[in-house]
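Remember, predicted model here, so these are calculated numbers, not experimental data.
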Amino acid sequence: MGDIQSITVLGAGTMGHGIAHVAALSGYAVQLFDLDQGALDKGLEHINKAMQKGVDKGKLESEDMQEALSRLQVSNDFESATANADLVIEAVPENLELKSKIFAQLDAALSADVILASNTSSISLTKIAQACKHPERCIGMHFFNPPHILKLLEIVQAEQTSPQVLEAVRQVGEKMHRHIVVVKDSPGFASSRLGLALGLEAIRMLEQGVASAEDIDRAMEKGYNHPMGPLKLTDLVGLDVRLGIAETLYKELGAPQFAPPQLLKDMVAAGKLGKKSGEGFYRW
Ligand SMILES: NC(=O)c1ccc[n+]([C@@H]2O[C@H](COP(=O)([O-])OP(=O)(O)OC[C@H]3O[C@@H](n4cnc5c(N)ncnc54)[C@H](O)[C@@H]3O)[C@@H](O)[C@H]2O)c1
């Protein structure tokens with residue numbers, strides 16, 4: 001497995017452009033691919049703005065910003081965007097069929113030593129890897145939103161992932177200044193499973209009138225030093241998104257703590273989705 005120098009990111013949405021931002025700043029040559037030219041334009045604009053904010057705050061040298069931008073190219077041509085990649089990080093919508101199709105396409109087009117990573121937050125990497133003739137090159141690289149601020153990288157090992165691929169991806173994560181956790185492919189990985197357990201319990205406590213939303217959050221913020229309480233965080237992630245993950249984990253793990261609370265279902269049905277809809281456990 002050669003030294004990784006060139007990274008292609010597939011999908012320029014919320015996560016894809018953020019991953020491209022971090023990769024370019026970390027010294028990699030980056031190709032950012034999306035089918036939608038509008039998404040590419042927006043992604044590039046977001047990257048520019050976020051980097052400029054870093055410069056204005058004195059956290060990033062203007063020279064480093066210019067160099068990073070010169071290493072970054074956007075493209076809506078799949079073939080040329082992937083041709084020179086040592087590592088591809090897929091960040092297209094959360095859909096097994098779509099991801100499997102893209103992995104099969106990459107697997108057929110690229111030499112067997114190119115690593116194929118997915119930023120999926122809930123789909124089994126072992127299942128995605130099944131689309132490939134060289135499944136040992138598949139792995140999960142789960143970044144957090146927004147990647148230039150949140151430094152966690154959850155590396156997800158599919159059953160088929162080779163130790164060499166794990167090691168190469170770990171080195172990329174270190175070069176990207178990530179805090180790395182390695183997890184076996186299992187529902188919710190480590191981060192979503194733990195985060196959701198806390199979030200759902202907080203909703204059940206609110207439902208049972210144990211305390212107000214503010215006080216439940218304050219208990220975690222001030223007593224356990226969480227930067228943000230579980231209900232506020234649920235508002236930011238989106239109640240519908242959390243409900244979807246809860247339903248999946250409940251089905252796959254069968255553990256009662258993942259049964260979606262009635263209050264969560266009612267709020268989603270009423271369109272109270274959190275920050276994006278203007279109201280969740282708080283008004284935004
Ligand atoms: N949003 C988050 O907070 C978050 C956090 C961690 C992981 N994730 C995961 O990251 C992935 C992407 O999520 P997102 O929130 O960035 O989605 P998004 O909808 O913001 O962006 C997806 C992008 O993929 C593009 N796309 C669709 N089909 C494509 C194709 N065939 N080829 C190339 N591009 C294509 C779309 O045009 C869009 O720009 C998902 O797997 C999601 O679960 C999301």
Next on the checklist: Nearest 0.5 angstrom please: I4 CD1 to Q171 CD, how far?
Outcome noted: 8.0 Å
Item to check | Working for salt bridge (charged side-chain N to carboxylate O under 4.0 Å, His left out), residues K49 and E45 | outcome: CA-CA 6 Å; K49 273 196 190 146; E45 191 188 319; 3.3 Å; yes
Checklist entry - Got a donor-acceptor contact below 3.5 angstrom from the R178 side chain to the L150 backbone? => result yes
Checklist entry - More than 12 foreign heavy atoms under 6.0 Å from CD of E63: is that the case here? => result no
Checklist entry - Hey, any chance V268 and W284 share a hydrophobic cluster, counting ILVMFWY side chains that come within less than 4.5 Å of each other, even indirectly? => result yes
Checklist entry - Does CG belonging to D56 count more than 12 external heavy atoms closer than 6.0 Å? => result yes
Next on the checklist: Taking atom CD as the centre, does E167 end up with more than 12 heavy-atom neighbours from other residues, nucleotides or ligands that are less than 6.0 angstrom away?
Outcome noted: yes
Checklist entry - How far apart are the C-alpha atoms of T8 and V30, what are their side-chain angles, what is the distance that settles it, and do they pass the side chain to side chain contact (heavy atoms under 4.5 Å, CB included) test? => result CA-CA 6 Å; T8 296; V30 180; over 6 Å; no
Item to check | Whether over 12 other heavy atoms sit under 6.0 Å from Q105 CD | outcome: yes
Checklist entry - To the nearest 0.5 Å, how far apart are CG in L198 and OH in Y224? => result 10.0 Å
Next on the checklist: What's the separation between atom NZ in K265 and atom CG in L239, rounded to the nearest 0.5 Å?
Outcome noted: 14.0 Å
Item to check | Main-chain N/O of T234 paired to R242 side chain as donor or acceptor, under 3.5 Å | outcome: no
Next on the checklist: Quick one, P260 and E247 - any side-chain contact, counting heavy atoms below 4.5 Å?
Outcome noted: yes
Checklist entry - Hey, any chance V237 and F189 share a hydrophobic cluster, counting ILVMFWY side chains that come within less than 4.5 Å of each other, even indirectly? => result no
Checklist entry - Which atom pair, heavy atoms only, marks the closest approach of G280 to D235? => result CA-OD1, 3.3 Å
Item to check | Interatomic spacing from OG in S75 to CD in Q37 - rounded to 0.5 Å | outcome: 8.5 Å
Item to check | L273 side chain reached by M267 side chain, heavy atoms, under 4.5 Å | outcome: no
Checklist entry - Can you tell which of I47, D34, L72 makes a side chain to side chain contact (heavy atoms under 4.5 Å, CB included) with H17? => result I47
Next on the checklist: If you compare all heavy atoms of L196 against all heavy atoms of A246, which two are closest, and at what distance to 0.1 Å?
Outcome noted: CD2-CA, 3.5 Å
Checklist entry - Going through the checks in order, is the salt bridge (charged side-chain N to carboxylate O under 4.0 Å, His left out) test met by D266 and K272? => result CA-CA 9 Å; D266 292 346; K272 294 180 183 172; over 6 Å; no
Next on the checklist: Quick one: does any side-chain atom of N119 pair with a main-chain N or O of E90 as donor and acceptor, under 3.5 Å?
Outcome noted: no
Checklist entry - Are the side chains of N145 and M15 in touch, meaning some heavy atoms are under 4.5 Å apart? => result yes
Item to check | Atom NZ of K276: over 12 foreign heavy atoms under 6.0 Å | outcome: yes
Checklist entry - Looking at side-chain heavy atoms only, is the closest gap between D217 and H226 below 4.5 Å? => result no
Item to check | Worked verdict on L200 versus Q257 for side chain to side chain contact (heavy atoms under 4.5 Å, CB included) | outcome: CA-CA 8 Å; L200 295 178; Q257 65 267 31; over 6 Å; no
Checklist entry - So, for A213 and L231, which heavy atoms are closest and what is the spacing to 0.1 Å? => result CA-CD1, 3.6 Å
Checklist entry - Is L125 linked to I139 within one hydrophobic cluster, defined over Ile, Leu, Val, Met, Phe, Trp and Tyr using a side-chain heavy-atom separation of less than 4.5 Å? => result no
Checklist entry - Between A85 and V114, what is the shortest heavy-atom contact and its length? => result O-CG2, 3.5 Å
Item to check | D86 and Q5 side chains, donor-acceptor separation under 3.5 Å | outcome: no
Checklist entry - Taking atom types as modelled, is there a side-chain donor on D185 or T126 under 3.5 Å from an acceptor on the other? => result yes
Checklist entry - When you check the side-chain N and O atoms of S111 and D113, is any donor under 3.5 Å from an acceptor? => result yes
Next on the checklist: Just verifying a value: how many Å separate L249 CG and S192 OG, rounded to the nearest 0.5 Å?
Outcome noted: 7.0 Å
Checklist entry - Using the ring of each side chain (for Trp, its six-membered ring), is H21 parallel, tilted or perpendicular to H148, with breaks at 30° and 60°? => result parallel
Checklist entry - Can you tell which of V156, I115, I155 makes a side chain to side chain contact (heavy atoms under 4.5 Å, CB included) with L166? => result I155
Checklist outcome for this item: One should read off an interatomic distance between I245 CD1 and F258 CZ, to the nearest 0.5 angstrom, of 11.0 Å
Checklist entry - So if you build clusters from Ile, Leu, Val, Met, Phe, Trp, Tyr with side-chain heavy-atom gaps below 4.5 Å, do V241 and L98 land together? => result no
Checklist entry - Using the ring of each side chain (for Trp, its six-membered ring), is H142 parallel, tilted or perpendicular to F144, with breaks at 30° and 60°? => result tilted
Checklist entry - Run the side chain to side chain contact (heavy atoms under 4.5 Å, CB included) check on L87 and M141 step by step: do they pass? => result CA-CA 11 Å; L87 164 66; M141 290 180 80; 4.2 Å; yes
Next on the checklist: I'd like to know whether E221 forms a salt bridge (charged side-chain N to carboxylate O under 4.0 Å, His left out) with K232, so could you lay out the CA-CA distance, the side-chain angles of the two residues, the decisive distance to 0.1 Å, and finally the verdict.
Outcome noted: CA-CA 11 Å; E221 288 164 8; K232 204 176 291 165; 3.6 Å; yes
Next on the checklist: Whether the E154 and S191 side chains hold a donor-acceptor pair (N or O, under 3.5 Å, no angle test) is what I'd like checked.
Outcome noted: yes
Item to check | Intermediate values then yes/no, salt bridge (charged side-chain N to carboxylate O under 4.0 Å, His left out), E201 and R204 | outcome: CA-CA 5 Å; E201 197 55 30; R204 271 190 283 272; 3.2 Å; yes
Item to check | Side chain proximity check, L116 to I128, heavy atoms < 4.5 angstrom | outcome: no
Next on the checklist: Is there a side chain to side chain contact (heavy atoms under 4.5 Å, CB included) between V210 and I216? Walk through the geometry before answering.
Outcome noted: CA-CA 9 Å; V210 173; I216 291 170; 5.6 Å; no
Next on the checklist: Just by distance, no angles: are the side chains of T120 and E94 close enough, under 3.5 Å, to form a donor-acceptor pair?
Outcome noted: yes
Item to check | Y28 six-ring centre to K175 NZ/CZ under 6.0 Å and within 45° of normal | outcome: yes
Item to check | Check: T161 side chain, Q157 main-chain N or O, donor-acceptor pair, under 3.5 Å | outcome: no
Checklist entry - Taking atom CD of E214 as the centre, does the number of heavy atoms from other residues, nucleotides or ligands within less than 6.0 Å exceed 12? => result yes
Item to check | Validation row: L10, I89 side chains within 4.5 angstrom (heavy atoms) | outcome: no
Checklist entry - Do the side-chain N and O atoms of E136 and Q160 include a donor-acceptor pair separated by under 3.5 angstrom? => result no
Next on the checklist: To check you understand the geometry: which heavy-atom pair defines the closest contact between F103 and C138, and what is its length?
Outcome noted: CD2-SG, 3.9 Å
Item to check | Criterion side-chain hydrogen bond (donor to acceptor under 3.5 Å, both in side chains) on Q52 and N48, from CA distance to verdict | outcome: CA-CA 6 Å; Q52 188 56 50; N48 265 286; over 6 Å; no
Item to check | Single-linkage hydrophobic cluster I102~I123, side-chain heavy atoms < 4.5 angstrom | outcome: yes
Checklist entry - Closest heavy-atom contact between F33 and F78? => result CE1-N, 3.3 Å
Next on the checklist: Does any part of the side chain of L32, heavy atoms only, come nearer than 4.5 Å to the side chain of Q73, both counted from C-beta?
Outcome noted: no
